[in-house]
Amino acid sequence: MSKFFVTTAIPYVNAKPHIGFALELVQTDTVARWHRSNNNEVWFLTGTDENALKNVQAAEQAGQAPADFVTDMSQKFKQLGGVLNISNDDFIRTTEDRHVRGAKKLWSACKGEDIYRKAYTGQYCVGCEQFYTESELVNGLCPEHKIRPEQVSEENYFFKLSNYQIKLEQLITSGELRIIPESRKNEMLAFIRRGLEDFSVSRSVERTKGWGVGVPGDDSQVMYVWFDALSNYITALDYADNGDRYQQFWLNNQRRVHVIGKGISRFHCIYWPAMLLSAGVPLPTEIFIHGYITVEGEKISKSLGNTVDPVELVERYGTDPVRYYLLREISAYEDGDYSEEKFLQRYHSDLANGLGNTLSRVTNMIASYSEGRVVKQNKVELAVEQIAKAMADWRFDVALTNIMAWVKLVDGEVEQTKPWQLAKESQTEELNKLLSRWHSILLQVGESLAPFIPATSQKVVAILSAEKITKAEPLFPRLEIKN
RNA sequence: CGCGGGGUGGAGAAGUGGCAUCUCGCCUGGCUCAUAACCAGGAGAUCGUGGGUUCAAGUCCCACCCCCGCAACCA
């Protein structure tokens, strides 16, 4: 029995979750369930990043104290997990004590020479209360407030990323730190080879209004939010106290896996491993990077107002259809698109007319031609190794295509063998043989779907395992197409 | 000379050297067990453009055109 530790990124909670994070949750959940069903000991972690300065700003706008604000928002992310039937074992909030202590421990564990003080000078917009890089400015003006930012200088701590350039390149090239897909790996290597600059890892207490994790031994500074946020992956395992879980799932484990979105790959593939190297802590072994979801072909943005609320989506269509869409329609390696039209198409062709209808027709035939009983035959051998291969490659879409092909197989065979005629002609033996065969295939379809659409999987298995099989009610009723 | 991704039948996608695949739509036929579902056949693609390598290229190489992201302290 091998172990498998898997995490999602922890989103910052300045707004309620959108469909992009739902994708990440569902993908990670599917991988976690897949490994559990293969008898691995799995620990699946998700949570929320609550120390960002942006949260303080969002709280002010909402007229709430930061602590209350992040608690409310964090709740929304937790609820999303419930709504999507996510099987996480733990949920960490970076305002928790175990995290704060762990983040400080990690900071202190870093080599002394790697964290140093330096004056940081940047373009600071008073309106936004944040620094901008030259490239972010539009004609030298803040893109938000259209005013010229002030040149501000303050002392911060910096992390000596340049110390780890060669080591990081070697780790990624050798595959010791595996980055999936290949294209992202190349992107990271190209970035490293261009030369790594040190980055600041703290902010002044004044600017953050005291929000955040304090820098050990320096009351005037709090940690830069990324330094603290990244450490959640080990602080949740009780790194602070060197707990059992940390020993079991981080130190003595071959699979330490992060699932993230493409926008934050640099932090996870470069900053985070460098921090761990400095602190003498083992690195993650794999980082899987998914793409972004566009909506009707457009980038999701609040100003466009095209955000899709995953909770609403589930309320309208149900958990499993949403999970199915995210896993089947969105290519795991690249950007994918969500649109109502595509959703309905996928729903009808694969779930209603495919799986649901086929289950109805087969169960109905078993009920009416053989009184609900299936003469047990040998299990039909299906090519399950293709699914295993797809899952090893993180190709959820391919895995599901393979499973759904079995449903099509049954439909084709029913058509060809015309069981309703066999029934009229009382060819019971032939009929029973066929019914048993289809029963076996659909049962395996049901079982195979467990990591992807768990509730549906359970239903299918239950229906087919009944003492006396009755005609299945539509699993996925056809939906009104509204125009 | 910044980096990366993409350009495949009407639409959306799969496909990294060997008869161009799937879903939707369209046409014709079949079936009646099933959720107006299912099955078979068909029309429809110069696989962005131009070169090259090869017995063989959507797939490898070169050049170019178009679209989309990213460009360090920002999910």
Side-chain angles (χ1 to χ4, degrees), chain A residues 8-15 17-18 20-21 24 49 52 54 120 122 130-136 156 158-159 161 181 183-184 186-191 193-201 203 224-227 229 260-268 270-271 291-292 294 297-300 328-331 333-337 339 341-342 344-346 348-369 395 397-398 401 404-405 408 410-423 435 438 471-479:
Chain A
T8 67
I10 51 172
Y12 68 108
V13 294
N14 70 334
H18 64 60
F21 188 60
E24 186 165 310
D49 170 14
K54 286 193 175 177
Y120 173 72
Q130 68 166 354
F131 282 96
Y132 280 101
T133 60
E134 288 297 337
S135 58
E136 284 172 324
N156 290 147
F158 274 71
F159 182 85
L161 190 60
S183 55
R184 298 287 169 214
N186 294 337
E187 221 172 291
M188 287 303 108
L189 283 171
F191 182 77
R193 286 168 185 153
R194 250 175 283 154
L196 296 179
E197 290 170 23
D198 298 348
F199 65 103
S200 99
V201 287
R203 297 286 187 264
Y224 168 49
V225 68
W226 270 108
F227 192 98
I260 61 167
K262 66 176 182 178
I264 54 176
S265 30
R266 192 165 294 161
F267 298 98
H268 285 79
I270 295 171
Y271 293 13
Y292 279 170
T294 55
E298 298 271 6
K299 192 181 161 183
I300 296 176
R328 172 62 188 84
E329 185 74 24
I330 310 286
S331 159
Y333 287 6
E334 290 162 28
D335 289 355
D337 189 51
S339 77
E341 194 190 337
K342 285 186 185 128
L344 289 173
Q345 185 180 307
R346 197 47 91 177
H348 284 117
S349 66
D350 292 12
L351 297 179
N353 302 345
L355 178 63
N357 182 54
T358 306
L359 184 72
S360 291
R361 62 195 305 210
V362 170
T363 50
N364 182 53
M365 288 190 283
I366 293 172
S368 46
Y369 299 155
R395 291 300 302 268
D397 53 339
V398 173
T401 304
M404 287 304 179
K408 286 196 123 357
V410 171
D411 268 333
E413 287 186 6
V414 169
E415 209 63 38
Q416 248 176 3
T417 55
K418 301 192 185 354
W420 47 92
Q421 270 183 22
L422 297 177
L435 291 177
W438 299 329
K471 182 185 169 185
E473 288 306 306
L475 283 181
F476 303 99
R478 289 182 63 81
L479 299 168

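Residue numbers begin at 1 in each chain, while the letters A, B, ... track the order of the sequences. Since the structure is predicted, the reported quantities are computational estimates derived from the model, not experimental observations.
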What is the distance, rounded to the nearest whole Å, between atom NE2 of A:His348 and atom C1' of B:U23? 14 Å

Does B:C39 have OP1 or OP2 under 4.0 Å away from a side-chain N or O of A:Lys408? yes

Can you tell if the side chain of A:Thr401 reaches within under 4.5 Å of the side chain of A:Arg328, non-hydrogen atoms only? yes

Closest listed nucleotide, where the reference is the side chain of A:Ser349 and the choices are B:A72, B:U23, B:A34: B:U23

Quick check: closest heavy atoms across A:Pro419 and A:Met365, and the distance to 0.1 Å? CG-SD, 3.4 Å

For the side chain of A:Thr294 and the backbone of A:Gly336, is there at least one donor-acceptor N/O pair under 3.5 Å apart? yes

Applying a 4.0 Å non-hydrogen cut-off, can you work out what A:Gly195 is touching in the nucleic acid: base, sugar-phosphate, or nothing? base

In whole Å, I'd like the distance from the CE atom of A:Met365 to the C1' atom of B:C31. 12 Å

Between B:C74, B:A75, B:C3, which nucleotide has the shortest distance from any of its atoms to the side chain of A:Glu187? B:C3

Which part of the nucleic acid does A:Gly263 contact within heavy-atom distance under 4.0 Å: base, sugar-phosphate only, or nothing? nothing

Check: A:Ile264 and A:Tyr271 side chains under 4.5 Å, non-hydrogen atoms: no

Taking only the side-chain heavy atoms of A:Lys262 (C-beta and beyond), determine which of B:G69, B:C74, B:A72 contains the nearest atom. B:G69

Looking at A:Trp438, does any N or O in its side chain come under 4.0 Å of the phosphate oxygens OP1/OP2 on B:C33? no

Could you grab the distance from atom CZ of A:Phe199 to atom CH2 of A:Trp226, nearest 0.5 Å is fine? 11.0 Å

Once you apply a heavy-atom cut-off of 4.0 Å, does A:Asn357 come out as touching a base, just sugar-phosphate, or nothing? base

A:Arg361 side chain near B:A37 phosphate (N/O to OP1/OP2, under 4.0 Å): no

Counting side-chain heavy atoms from C-beta on, which of B:G12, B:A37, B:C33 comes nearest to A:Glu329? B:G12

Per atom distances to the A:Glu197 side chain, the nearest of B:A72, B:G12, B:C3 is B:A72

Sticking with atom C1', work out how far B:C70 lies from B:G12, rounded to a whole angstrom. 26 Å

Just checking A:Lys471: base, sugar-phosphate only, or nothing, at a heavy-atom cut-off of under 4.0 Å? sugar-phosphate

Which of the following nucleotides, B:G12, B:C38, B:U35, is nearest to the side chain of A:Ala352? B:U35

Separation of atom CG in A:Asp337 from atom P in B:G6, rounded to whole Å: 17 Å

Any chance you could measure A:Arg184, atom CZ, to A:Arg266, atom CZ, to the nearest 0.5 Å? 11.5 Å

Could you check whether A:Phe191 and the base of B:G4 form a stacked pair, meaning centres closer than 5.5 Å and planes differing by less than 30°? no

So which nucleotide from B:A72, B:U35, B:C31 ends up closest to the side chain of A:Glu415? B:C31

Using the P atoms only, state how far B:G5 lies from B:U59, rounded to an integer number of Å. 16 Å

Taking the P atom in each of B:U21 and B:G44, what is the distance between them to the nearest angstrom? 14 Å

When we call it a touch if two heavy atoms are under 4.0 Å apart, what does A:Leu475 touch: a base, just sugar-phosphate, or nothing? base

Residue whose nearest RNA chain B nucleotide is more 5′ - A:Leu351 or A:Glu341: A:Glu341

With rounding to the closest Å, how many angstrom separate the C1' atoms on B:G6 and B:A75? 23 Å

Pair A:Tyr369-A:Asn364, side chain to side chain contact (heavy atoms under 4.5 Å, CB included): steps then yes or no: CA-CA 8 Å; A:Tyr369 299 155; A:Asn364 182 53; over 6 Å; no

Could you tell me whether the side chain of A:Arg361 reaches within less than 4.5 Å of the side chain of A:Asp411, counting heavy atoms only? yes

Heavy-atom side-chain proximity of A:Trp438 to A:Ile366 below 4.5 angstrom: no

To the nearest Å, give me how far apart OH (A:Tyr369) and C1' (B:C33) are. 4 Å

For A:Phe476 and A:Ala352, the nearest pair of non-hydrogen atoms, with its separation, is O-CB, 3.3 Å

Answer with base, sugar-phosphate or nothing: what part of the nucleic acid does A:Ile260 contact at a heavy-atom distance below 4.0 Å? nothing

Take atom P in B:A43 and the same atom in B:A20, then report the distance between them in whole Å. 14 Å

With a 4.0 Å cut-off on heavy atoms, is A:His268 in touch with a base, just the backbone sugar-phosphate, or nothing at all? nothing

Should A:Lys54 be listed as having a side-chain N or O under 4.0 Å from OP1 or OP2 of B:C74? no

Atom-pair distance (CE on A:Met404; P on B:U23), nearest Å: 13 Å

Looking at side-chain heavy atoms only, is the closest gap between A:Val225 and A:Arg203 below 4.5 Å? no

Just the rounded figure in Å: distance from P of B:U23 to CG of A:Leu344. 18 Å

Determine the Euclidean distance between corresponding C1' atoms of B:A11 and B:G52; express it in Å to zero decimal places. 34 Å

Separation of B:C38 atom P from A:Glu413 atom CD, nearest Å, is 17 Å

Below 4.0 Å: OP1/OP2 of B:U35 and any side-chain N or O of A:Asn353: no

Under 4.0 angstrom, heavy atoms only, what part of the nucleic acid is A:Tyr271 near: base, sugar-phosphate, or nothing? base

List, with names and distances, any nitrogen or oxygen atoms from the protein found under 3.5 Å away from nitrogen or oxygen atoms belonging to nucleotides 15-17 of chain B.
residue, atom, partner, partner atom, Å
B:G15, OP1, A:Arg395, NH1, 3.1
B:G15, OP1, A:Arg395, NH2, 3.3

A:Gln345 side-chain proximity, nearest of B:C74, B:C33, B:U23: B:U23

To the nearest Å, give me how far apart CZ (A:Arg266) and P (B:G69) are. 17 Å

State, to 0.1 Å, how close A:Ala472 and A:Thr363 come at their nearest heavy-atom pair, and which atoms those are. N-OG1, 3.0 Å

Out of B:C74, B:G5, B:U35, minimum distance to the side chain of A:Glu334 belongs to B:G5

Suppose you measure atom C1' in B:U35 against the same atom in B:U49; what distance do you get, rounded to whole Å? 48 Å

Let me know, please, whether A:Ser360 or A:Ala190 comes out on the 5' side of the other along RNA chain B by nearest nucleotide. A:Ala190

Can you give the dot-bracket line for RNA chain B, where a pair is Watson-Crick or G-U wobble with both atom distances under 3.5 Å, crossing pairs use [ ], and | marks a partner on another strand? .(((((((.[[[[.)..(..]]]].(((((.......))))).....[[[[[..)....]]]]])))))).....

When rounded to the nearest 0.5 angstrom, what distance separates CG in A:Leu161 from CD in A:Glu197? 9.5 Å

When you measure from the side chain of A:Glu24 to the backbone of A:Ala9, do you find a donor-acceptor pair of N or O atoms at a distance under 3.5 Å? yes

Which whole number of Å gives the distance between the C1' atom of B:A14 and that of B:C47? 13 Å

